[in-house]
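Contents: one structure, followed by commentary.
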Amino acid sequence: MSDIFFKHGYSDLHFDRSQFNFSKKDWIVEFQKSKFEILLRRNDKRDIWEPVVDPDGISIYLIGRITLNEKSWNLATQLSGNGGLACKYIFYLLKEYGLDALPNYLNGAFAVFISNFKGENYVITDRMGFTPIYYKCQKDCITLSSYLDALDSKYDENLDLVSLGEYLNYGRVEHPNTYYKKVKQLDPGSIYKISDQSISKIKTYYTFKFKWRGEKPKQLIEELKDAINISVYERTLPILGKSGIFLSGGMDSRGILASARQPSEIVTSTFYDEINAEYETAHEIAKRYKSTHIGLQRTKEHYIKNSPDSVNLMSGQWSVLEGHYTGFIDKILDLDVDNWLTGCFADWMFKGLASNTRYLKIFGKNIPTIKRLDKFNSVYYKPKFDMTNPELNIEIEKRKHTVLKDIYNYKAEEFDWNIERTRLFPMNREPDMGSRHILARVLRWDPVLADNRLIELFERIPVSQKLENYIWGNAIAKICRGNNDIKDNNWGARVDANNYQRIFSFLKENIRRKLSNKNSKSVGNVSTTGSWPNYYRVTLESEVLPIIWKSLNKDSFDTIEKITGMNYQKMSYLDIAKQNLEYFYRILTILIWLDRKI
């Protein structure tokens, strides 16, 4: 949907416009003056999202989106001057309240660039870091971009092997580091001043704190229900154009649909391999709300064939298996939906996914759906692989210690919540962010969970009440009241089912899935009963993967060997994949990314 490149100072680095050419519906605003250069790319409604540009005065550039209520949008339509309504409204807020207070009035996943305000340039990041801004400091020049690879083109000398190793080991890189030694990420919730000599934080306007004060679950459920309703309502206002929802057979996206201003006017879309239980459930949900439902069918080679484009869009920071939308971009844009919503981040913010948990056991067997908090461990969601050489491994673990060193200063519920905060701050570093990053950069997406009201509730709900989907699930059940009979495909139970009903349904569904998978083992069939294909079979049966593996440059393998001590070029990719599929795709992702850099 949007990207930005910003340069202040004198440098031979000039942005290559082709790096921002991701869709056929892109539009670009570019401005250069003396030692100042800025380029903004978007593909959504210009009358809403175009920047305010004044060659001799203050200019406002926005990437991502801010969310306004009806009253604020109406005010924006009455403001004079050039630019889209959102940036005109930000300009109005700047003049009305000043730079220091401006962020208090901004809501959503965004970054705001302000040029020539009292002769200085500024950037404001969103509260939780949904929209990343990377920066690079050089002599007499500062460059910033939402696109990591725009800031460094040199292959070997600037690579941060510690970060690359950290990704291979953990599946993510700790903030503020990147794959480049000289490129870092700005902190969330902050105002920065930019000059040709430096970039300096002048204010942290939002600091996360554990704010639970003993509220009962019933109260939190009601408040969460109301916050979801309002957040979605404001994101489906008519002024924003046609709205759509990427709909699954689970709980989160149906709650978004039910909260829409007019659910029957929403376009819903579901990815699938073959028509299965997940697709049929999503179709039934859309039918119940009288929404248009469009299926987007993947080919067996979808993830492999589109892996180079996925790596390009994600700057290699997440696995190619996160490329759900890659290959469908133009088709999705042709639907002319101006405003896509999803239930992304609910698992992280309201279901305890960032915590260390264990299943309750009876007679040594895990009881599905019943989770308990476990002892703190640096491994929590993605598996860890100790595959880097000993020297790099020491540096990687030093980073982890630096990030987590203050955890033990907290007690009880505050301790558990601060583990979540540490792992989700900034949000763009969460391990599944790759698909969301593609949504944010190329499609017209507004993440509902970035709403300030929901962020504040994230701070107020204890982790112990997030487990088993208790608070969130009950809030969604209230939102979907009257339609809770449509099963949650993840559990095979009603949305408003209690824990015992979910256990029974889960066991019954698990047996059905095993029988279904047993009957679908024909060659070429990679479909499952859920949202995503059987990645193991995708890998083993791919005809494209051996071609990609063989085409990778020797220098890419040499760099991986520096990090791991392993010469993967001499190994069969199938042997690596059979040993551990997750690790294989981390290796493949970095190899493709390195190959692009050479």
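Both backbone and side-chain heavy atoms feed into the values below; hydrogens, waters and symmetry mates do not.
- Remark: Arg429 does not engage Glu174 in a salt bridge, criterion side-chain N to carboxylate O under 4.0 Å.
- Other residues, nucleotides and ligands contribute over 12 non-hydrogen atoms within 6.0 Å of the CD atom of Glu96.
- A salt bridge links Asp432 to Lys382: at least one charged side-chain nitrogen sits closer than 4.0 Å to a carboxylate oxygen.
- In summary, of the residues considered (Glu456, Glu413, Glu459, Glu414), a salt bridge (charged side-chain N to carboxylate O under 4.0 Å, His left out) with Lys211 occurs for Glu459 alone.
- In the model, Asn229 has a side-chain atom that pairs as donor or acceptor with a side-chain atom of Ser259 under 3.5 Å.
- Stacking of Lys400 on the aromatic ring of Tyr170 is recorded, both the 6.0 Å distance cut-off and the 45° axial limit being met.
- Atom NZ of Lys466 sits about 10.5 Å away from atom CG of Leu373, to the nearest 0.5 Å.
- In this structure, the side chains of Ile63 and Asp3 stay at 4.5 Å or more apart for every pair of heavy atoms.
- Ser145 approaches Ala150 most closely through the heavy-atom pair OG-CB, 3.8 Å.
- By the 30° and 60° cut-offs, the orientation of the rings of Phe415 relative to Phe376 is perpendicular.
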Would you sort out whether Val173 and Arg399 count as a side chain to side chain contact (heavy atoms under 4.5 Å, CB included), showing the intermediate values?
CA-CA 10 Å; Val173 178; Arg399 280 188 182 179; 4.1 Å; yes
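- Aromatic ring centroids of Tyr585 and Tyr583 lie 6.0 Å or more apart.
- Counting only heavy atoms from C-beta outward, the side chains of Asp187 and His175 approach each other to under 4.5 Å.
- When side chains are defined from C-beta on, Leu439 counts as touching Phe246, because their heavy atoms get closer than 4.5 Å.
- Taking CH2 of Trp212 as the start and CD of Gln465 as the end, the distance is 6.0 Å to the nearest 0.5 Å.
- Nearest heavy atoms, Ser253 versus Leu247: OG-CD1, 3.5 Å.
- Using a 4.0 Å cut-off between charged nitrogen and carboxylate oxygen, Lys384 and Asp386 count as a salt-bridge pair.
- By the side-chain contact (heavy atoms from CB on, under 4.5 Å) test, Ala109 is found to be paired with Asp126, Phe130, Thr131, Pro447, Ala450, residues two or more places apart in sequence or in another chain being considered.
- A salt bridge links Asp252 to Lys351: one of the charged nitrogens lies within less than 4.0 Å of a carboxylate oxygen.
- In this pair, Phe210 and Trp417 present their aromatic rings tilted. The plane angle is within the 30 to 60° band.
- When atom types are taken as modelled, the side chain of Arg586 and the backbone of Leu168 share a donor-acceptor pair closer than 3.5 angstrom.
- The existence of a salt bridge linking Asp451 and Arg65 is excluded, since no basic side-chain nitrogen approaches an acidic carboxylate oxygen closer than 4.0 Å.
- Annotation: side chain of Arg254 is in contact with side chain of Ile486 (closest heavy-atom distance under 4.5 Å).
- Here the side chains of Leu161 and Thr559 are in contact, with some heavy-atom distance below 4.5 Å.
- Pairing each heavy atom of Ile590 with each of Gly316, the nearest pair is CD1-O, 3.8 Å.
- Taking CG from Leu257 and OG from Ser243, the interatomic distance works out to 11.0 Å, rounded to the nearest 0.5 Å.
- Salt bridge Arg436/Glu430: present, at least one basic N to carboxylate O contact under 4.0 Å.
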Verify side chain to side chain contact (heavy atoms under 4.5 Å, CB included) between Glu234 and Leu68, making sure each step is shown before the conclusion.
CA-CA 7 Å; Glu234 291 184 352; Leu68 304 178; over 6 Å; no
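- Gln185 places no side-chain N or O within donor-acceptor distance of the main-chain N or O of Tyr134, the cut-off being under 3.5 Å.
- Within the 4.5 Å cutoff, side-chain heavy atoms of Arg127 are placed close to those of Tyr205.
- Of the candidates Tyr303, Trp532, Tyr325, Phe271 forms a ring-ring contact (aromatic ring centres under 6.0 Å, His included) with just one, namely Tyr325.
- Here Arg421 pairs with Asn418 under the side chain to side chain donor-acceptor pair (under 3.5 Å) rule; sequence neighbours left out.
- Across all their heavy atoms, Asn356 and Lys375 have their closest contact at CB-O, 3.4 Å.
- In Lys209, the NZ atom is not crowded: 12 or fewer heavy atoms of neighbouring residues, nucleotides or ligands sit closer than 6.0 Å.
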Test log, rule side-chain hydrogen bond (donor to acceptor under 3.5 Å, both in side chains), inputs Thr388 and Asn169
CA-CA 7 Å; Thr388 52; Asn169 279 6; 3.2 Å; yes
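- A cation-pi arrangement is found for Arg441 relative to Tyr147, the charged atom lying closer than 6.0 Å to the ring centre and inside a 45° cone about the ring normal.
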When you look at Met128 and Met349, which way does the side chain to side chain contact (heavy atoms under 4.5 Å, CB included) test go after all the steps?
CA-CA 11 Å; Met128 205 166 177; Met349 294 172 67; 4.3 Å; yes
Could you walk me through whether Glu278 and Asn489 pass side-chain hydrogen bond (donor to acceptor under 3.5 Å, both in side chains), step by step?
CA-CA 6 Å; Glu278 182 81 20; Asn489 193 61; 2.6 Å; yes
Go through the steps to decide whether Lys184 and Asp152 satisfy the test salt bridge (charged side-chain N to carboxylate O under 4.0 Å, His left out), and finish with yes or no.
CA-CA 11 Å; Lys184 305 296 181 184; Asp152 213 314; over 6 Å; no
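- The pair Asp100-Lys203 counts as a salt bridge, with a side-chain nitrogen and a carboxylate oxygen less than 4.0 angstrom apart.
- Between atom CZ of residue Phe6 and atom CD1 of residue Ile199 there is a gap of 8.0 Å, rounded to the nearest 0.5 Å.
- Between Leu164 and Trp593, some side-chain heavy-atom pair lies under the 4.5 Å cut-off.
- A donor atom on one side chain and an acceptor atom on the other are not found under 3.5 Å apart for Tyr97 and Asn104.
- Rounding to the nearest 0.5 Å gives a distance of 11.0 Å between CG of Asn474 and CD1 of Ile479.
- Between atom CD1 of residue Ile587 and atom CZ of residue Phe385 there is a gap of 10.0 Å, rounded to the nearest 0.5 Å.
- Looking only at side-chain heavy atoms (C-beta outward), Phe350 and Phe345 stay at 4.5 Å or farther from each other.
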